[in-house]
Amino acid sequence: MKEEITISELARIMNVSVHQIRYFEEKEILHPAYTDDNSYRMYCMDQVYELAQILLLRRLGVSVPSIKQSLASFTEGQYEELLHHSLLETTAQMEKLQKHQQFISKVLQEQQNSTGQTEQYQVKQRKVVFLTRWIEMEPHTTLHARLLAEQAAHPPNLFETDIHYLYDSSNAITICLEAEQPNDFVLSAGDYLSSHFLLEHENELDQWIERFHEHAAAHSYVLAEPLILIEKSYLSLFSQGTLHYEILKRIESKDEAREGAQDDYHADYN
DNA sequence: GTTCTGACA
DNA sequence: TGTCAGGA
């Protein structure tokens with residue numbers, strides 16, 4: 001029995017694939033101790049330690065070409081720098097994952113909020129929301145792929161975004177996305193009349209908007225412009241083929257109604 | 001049965 | 001990075 005081991009045995013004790021070991025050889029960072037007569041690669045303890053170091057560096061996020069460099073020439077200080085860099089990268093990844101986590105929670109929350117609420121109206125307290133203008137649409141036009149491609153300079157991830165449609169009094173629609181900072185529009189905090197509903201086709205939308213206004217009138221709500229329609233495309237996951245919307249309008253306080261405050265959502269900083 | 005190289009998704 | 005073919 002030889003002291004040296006074959007590639008599959010090395011792979012097994014180091015928990016990596018045979019393919020990966022060959023790949024490291026191709027990239028010239030790990031060579032076998034020798035090649036046997038049958039052209040099998042044979043490895044000894046030296047390679048076990050070398051492979052351990054390579055795998056450690058990979059775990060720290062160091063690329064294979066950089067590992068090659070580092071094995072050849074790195075000083076203690078340079079390895080330290082490598083670790084600092086790796087720490088920063090890991091932190092950034094964790095922040096990304098936390099955002100994923102928040103998004104998943106949000107979808108679940110929204111799903112729970114929306115079930116059973118269809119066609120029901122409620123008065124909701126909302127916090128201030130900042131919106132950034134994304135696409136402008138003429139009255140009575142529909143959003144089609146061409147418009148999207150031409151107007152959307154910096155497209156968001158449509159599958160995870162609340163898309164806000166702001167209807168002004170002339171029925172022109174501004175499609176907006178949520179922003180972190182005060183931006184093109186500000187939806188002020190306050191009470192909003194809200195209704196969730198599901199659509200099979202977009203052409204049912206106008207009926208819903210009409211019904212929303214009828215409901216508001218029947219209950220004598222005084223509502224402030226604009227009409228806000230929020231599309232939650234990610235909720236379609238739970239009901240294939242349907243579109244989820246929330247329709248909103250801010251309820252004016254009596255003072256505002258007396259002053260006839262209008263258009264107070266505009267915040268054009270241009 | 002195991003490993004090799006090379007190609008491919 | 002995994003998988004497959006075809007040969008040793």
Under a 3.5 Å threshold, yes or no: a donor from one side chain and an acceptor from the other, between A:E9 and A:T6? yes
Can you check the A:N38 CG to B:dT5 P distance for me, whole Å? 11 Å
CA sep, side-chain torsions, deciding dist, call: A:F24, A:I67, side chain to side chain contact (heavy atoms under 4.5 Å, CB included): CA-CA 10 Å; A:F24 289 153; A:I67 291 177; 5.9 Å; no
A:D37 CG to B:dT3 P, straight-line distance once rounded to whole Å: 16 Å
So, does A:Q112 use its side chain to make a donor-acceptor pair with the main chain of A:Q109 at under 3.5 Å? no
Fit a plane to each ring of A:Y245 and A:F197, take the angle between them on a 0 to 90° scale, and name the class: parallel (under 30°), tilted (30 to 60°) or perpendicular (over 60°). parallel
For A:H31, is the NE2 atom crowded, meaning more than 12 foreign heavy atoms sit under 6.0 Å from it? yes
Scan A:D162, A:I163, A:L187, A:L166 and name whichever one has a side-chain contact (heavy atoms from CB on, under 4.5 Å) with A:C176. A:L166
Does any part of the side chain of A:L131, heavy atoms only, come nearer than 4.5 Å to the side chain of A:N183, both counted from C-beta? no
Does A:E225 come within less than 4.0 Å of A:K249, counting only side-chain N to carboxylate O? yes
When rounded to whole Å, the CG to P distance for the pair A:D36 and B:dT3 reads 12 Å
Using side-chain heavy atoms (C-beta onward) and a distance below 4.5 Å, is A:L229 in contact with A:H164? no
A:R12 has an atom CZ; how far is it from atom C1' of B:dT3, in whole Å? 16 Å
Starting at the 5' end of DNA chain C, which residue's closest nucleotide do you reach first, A:R58 or A:Y40? A:R58
Evaluate whether atom CD of A:E81 has more than 12 neighbouring non-hydrogen atoms of other residues, nucleotides or ligands under 6.0 angstrom away. no
Once Watson-Crick and G-U wobble pairs under 3.5 Å are found, how is DNA chain C written in dot-bracket notation, 5' to 3', with | for any base paired to another strand? ||||||.|
Using a strict cut-off of less than 4.0 Å between a Lys/Arg side-chain nitrogen and an Asp/Glu carboxylate oxygen, indicate whether A:E246 and A:K124 qualify as a salt bridge. yes
Hey, is the side chain of A:T6 poking within less than 4.0 Å of OP1 or OP2 on B:dT2, counting only N and O atoms? no
Contacted region of DNA chain C by chain A, from 5' end to 3' end of the hits, cut-off under 4.0 Å to heavy atoms, spans C:dT1 to C:dT3
Can you pull out the residues from residues 17-27 of chain A that lie within a 4.0 Å heavy-atom distance of DNA chain C? A:S17, A:H19, A:Q20
